[in-house]
Amino acid sequence: MRIGSPSSSSSSSGCSRFWSSALRSKRLMSPAEKAARESSDLGLSRRLGVLDLVLLGIGASIGAGIFVVTGTVARDAGPGVTISFILAGASCVINALCYAELATRFPAVVGGAYLYAYTAFNELTAFLVFGQLMLDYHIGAASIARSLASYLINILELFPVFKDNIPKWIGHGEDIGDVLSINVLAPILLVLLTFILCRGVQESSVVNSLMTVTKIIIVIIVIFAGAFEVDVSNWSPFAPNGLKAIFTGATVVFFAYVGFDAVANSAEESKRPQRDLPIGIIGSLLICIALYIGVCLVITGMVPYNLLGEDAPLAEAFSSKGLKFVSILISVGAVAGLTTTLLVGLYVQSRLYLGLGRDGLLPLVFAKVHSKYHTPVHSQIWVGLVASVLAGLFNVHVLSHILSVGTLTGYSVVSACVVVLRWKDKTNSQVSSSAEREGIICLIAVALCGFASGLLYRYDASFIFLILALVIAVGASAALVFRQNTLMVVCVKYTKRRGNLKVYADAPGFSCPGVPLLPNICIFFNMFLFAQLHHEAWVRFVILCVVMVGVYAIYGQYHANPSAEENVYQRALEEEAL
């Protein structure tokens, strides 16, 4: 017994240390600290205005998909694809409202969903969110780079001198087995964009703005040119395959809006973050919704939905009307769209790495900011290097079915963070830990019901079970509202005796309406979509969580210091200056 005691004690101590580290969280900054950070000359350069932020969100959201996904979904949903985009857009607007509130709560700090989870929940949850997001970003960047390279080669092949004379390994990809695929142009494009991003946020913003404006102009030209070819009889029947096809279409096109959250990661580089970030997030999304609806109406009005092509439906629709010049414009627009999507994706990744480097969850090198360009050069180079290796050597398109896990995870966690941060301001919290646990259990119940509803819908289970899941979700939401109101009453009684203390502080800056009901709707629908993903995506989620817990146990828990963000940041700057 005496021999085994030290080992048992050591194991218990190790577990205790792990959980004490995993469950710690980052405190909310006081208004004075927030003002001091915003007025500091250290760190990233504040050069992004409201127009830059709007174009940043549009650039991240609208890629080549606007010219493809609209037609492919219309083959199943018919003209009702317009309703699919409206429903998906409405869901994204609610998610955007949650992001907008948190962006104004943390207007001076990078990190996005990772930072919000770190503050509202705990260190381990934030690290897991980062892992899921980062895998999506890395694979997505490599996949977009290969698509961009392929589109550029297609444009070159329009000229007779290049047609059929460009080897596959240059831009289209030369497959070697099932995994390896050589592509030379994709890494070159990534290196070029990484160089632009390293030079400064102003330079990269100019490139993004020019490409995004070009893309928007082309989309508007496509809509107006197609409007004169519309035959309204093609819109009847409006929903040939019923409402289910429209709802299924909404789950597919939801991902066409993904990207507006990139604006939240530019908080530290925005000139007036508390005012401009909500405008950038919501404004960019509303513009995207309008453009998607316009393209949907045009493509389904020009050609009967059942005659739309699969690979390039919009281009084929215009070619069938004798408007081949529009098809060329669509190719140019696709290049512009992919370029901005890739540029913003690389930008967001580097800012996430910067946030983790500051907090010690990753090596300090990721926290360094260049003294001249005011960009996280080391993080940016690392992100570009990973994407270049993946894009140059591997057929990452085959991994597309395991993407979107990080996006849906991030959106769900952000929605939950809105609710949790309404409970507590960690500088003067009066909400008991038991009440907080009850609220988190309700949020988890909503998420599980959303996932269960998605599975039931996917596999055509009995409608009764779907109603049951919805009832449980509504009950959990009602319990959350009731519990919140109860605590507010207790708080009012308490403040009469103890002074001006508050359990639920109003959100500073922009405030998401309908809390906690709107965030709960977000969580439910996001998890509903999670259930629609390929089963390999679920396996990827579990495996990556296990891997990230292992990385945290080996490195993160020993180096993280959630209260030392400013110190880590300033040391990195001093080292860079040396």
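- When side chains are defined from C-beta on, C417 does not count as touching T119, because their heavy atoms never get closer than 4.5 Å.
- In this structure, Q532 contributes its side chain and F528 its backbone to a donor-acceptor pair below 3.5 Å.
- For the atom pair I287 CD1 and L291 CG, the distance stands at 7.5 Å (nearest 0.5 Å).
- The backbone N or O of H378 lies less than 3.5 Å from no partner atom in the side chain of K368, so there is not a single donor-acceptor pair.
- In this structure, R540 CZ and C545 SG are separated by 9.0 Å, a value rounded to the nearest 0.5 Å.
- Taking the ring centroids of Y99 and Y411, they lie under the 6.0 Å cut-off.
- We find the CD1-OG1 distance between I144 and T340 to be 9.0 Å, quoted to the nearest 0.5 Å.
- Taking 4.5 Å as the limit, some side-chain heavy atom of M134 sits within range of a side-chain heavy atom of Q349.
- Side-chain contact between L518 and I521 is present, with at least one heavy-atom pair separated by less than 4.5 Å.
- There is a side-chain donor-acceptor pair under 3.5 Å between R351 and Q380.
- Judged as a side-chain contact (heavy atoms from CB on, under 4.5 Å), and not counting sequence neighbours, the contacts of S181 are R146, D175, N395.
- Distance check: F130 CZ to L135 CG gives 10.5 Å after rounding to the nearest 0.5 Å.
- Using a 4.5 Å heavy-atom threshold, the side chains of C92 and F260 count as touching.
- In terms of modelled atom types and a separation under 3.5 Å, the side chain of S327 and the main chain of A315 share a donor-acceptor contact.
- For the ring pair (Phe, Tyr, Trp, His ring centres under 6.0 Å) condition, the pairs that include at least one residue of residues 75-94, sequence neighbours left out, are F85-Y292.
- A donor-acceptor contact closer than 3.5 angstrom links the side chains of Y114 and D359.
- The shortest distance between side-chain heavy atoms of L533 and V405 falls below 4.5 Å.
- L314 places a side-chain heavy atom less than 4.5 Å from the side chain of F318.
- T70 places no side-chain N or O within donor-acceptor distance of the main-chain N or O of F67, the cut-off being under 3.5 Å.
- Rounding to the nearest 0.5 Å gives a distance of 6.0 Å between CG of D276 and CG of L53.
- Between the side chain of E269 and the backbone N or O of L48 there is no donor-acceptor pair closer than 3.5 Å.
- Ring centroid separation for the pair Y116 and F121 does not come in under the 6.0 Å cut-off.
- Although no hydrogens or angles enter the test, the distance criterion places a donor-acceptor pair under 3.5 Å between the side chain of R105 and the main chain of L421.
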